[in-house]
There are 2 protein chains.
Amino acid sequence: MAKDMSYKDKKVITIGIVRDLTGLSERQIRYYEERKLIFPERSAGGSRKFSFTDVELLMDIANKIEDGIQTHEIRKEMLREQKKQNQDEIRRKMIQGQLNAQFGIRRNS
Amino acid sequence: MAKDMSYKDKKVITIGIVRDLTGLSERQIRYYEERKLIFPERSAGGSRKFSFTDVELLMDIANKIEDGIQTHEIRKEMLREQKKQNQDEIRRKMIQGQLNAQFGIRRNS
DNA sequence: CGTGTAAGGAATTCTGACACG
DNA sequence: CGTGTAAGGAATTCTGACACG
């Protein structure tokens, strides 16, 4: 049922490692979280946990910042992409629903 | 040239996360390293860094320990597998070498 | 706006050792 | 042999704030 995440999306990397992986400062990483560009999870004790996807996203963000794009703009971009992907998802499911209605239940929702 | 490791083999997970992921105690994890069953890397400050592959291996190890197999046996098993894989690798390269000699250089060593 | 930094505290990790069995 | 635990210290991470611009 629930999308069961590959390694790439598992939140298991602490901020120090992310710093080493991206070359960004911890300050920058925390700031981008504050601006809602990334969403690390938390350990029981409160430490941030990132995924490889987050690491890649951070590098994209860093590039855009260097190009002078503001975090607010980056966030809006990301929301637009998110919205588009959601719509594609809905469309896909509707088409699948049509097929199911005509030809019966199929595997792979 | 150098095998460029997928996410699965990157050493980026600290011991606390590995503990949560495997259900093992930190003591057990450190002990299996001491017995040369796993080989975490180290951060600049000395903290262990594991990969997802290590995490999976640890779960296999834990199962074998439960079955009463000793760490020394597990290590020998692993060395045997390692050896076999190396031989397969050599064989593969030799065959590829033969092909190259007869039909010229090909992509994908 | 984006980032550096010093501050103080809490969580994390490390090693070597004693214990049990 | 494999694992728990208390011990002391060092490395890691956290938050809120001041600074600059």
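Residue numbers begin at 1 in each chain, while the letters A, B, ... track the order of the sequences. In this text the structure is predicted, and so the values were computed from the model without any measurement.
Remark: B/E26 engages B/R19, B/R30 in a side-chain hydrogen bond (donor to acceptor under 3.5 Å, both in side chains) (not counting sequence neighbours). Under the salt bridge (Lys or Arg N to Asp or Glu O under 4.0 Å) criterion, A/D88 pairs with A/R91, sequence neighbours left out. The ring pair (Phe, Tyr, Trp, His ring centres under 6.0 Å) check on B/F52 picks up A/Y7, with sequence neighbours excluded. When the salt bridge (Lys or Arg N to Asp or Glu O under 4.0 Å) test is applied to A/R27, no partner is found at least two apart in sequence or on another chain. Every residue meeting the side-chain hydrogen bond (donor to acceptor under 3.5 Å, both in side chains) condition with A/E89, not counting sequence neighbours, appears here in chain and number order: A/R92. Remark: B/K76 engages B/E73 in a salt bridge (Lys or Arg N to Asp or Glu O under 4.0 Å) (not counting sequence neighbours).
In this structure, the NZ atom of B/K36 is 17 Å from the C1' atom of D/dG2, given to the nearest Å.
Residues A/I90 make up the rest of the hydrophobic cluster containing A/M94, defined by ILVMFWY side-chain heavy atoms closer than 4.5 Å, directly or through other members.
Residue A/Y31 has its side chain nearest to C/dT3 when only D/dT3, D/dG2, C/dT3 are considered.
For residues 62-99 of chain B, no residue pair satisfies the ring pair (Phe, Tyr, Trp, His ring centres under 6.0 Å) rule, not counting sequence neighbours. Applying the salt bridge (charged side-chain N to carboxylate O under 4.0 Å, His left out) test to pairs two or more places apart or on separate chains, those with a residue in residues 41-55 of chain B are B/K11-B/D54, B/E33-B/R42, B/E33-B/R48.
In DNA chain C, runs of at least 3 stacked Watson-Crick or G-U pairs (N1-N3 plus N6-O4 or O6-N4, or N1-O2 plus O6-N3, all under 3.5 Å) give these stems: C:2-5 with D:17-20, C:17-20 with D:2-5.
Residues from residues 72-80 of chain B that place a heavy atom under 4.0 Å from any atom of DNA chain D: there are none.
Each of A/V12, A/I29, A/T22 was scored for a side chain to side chain contact (heavy atoms under 4.5 Å, CB included) with A/F50, with one residue passing: A/I29.
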Indicate for each nucleotide in nucleotides 10-18 of chain C, in 5' to 3' sequence, whether protein heavy atoms under 4.0 Å reach the base (B), only the sugar-phosphate (S), or nothing (-).
-SSSBB-B-

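Residue B/Y32 places at least one side-chain N or O under 4.0 Å from the OP1 or OP2 atom of D/dT3.
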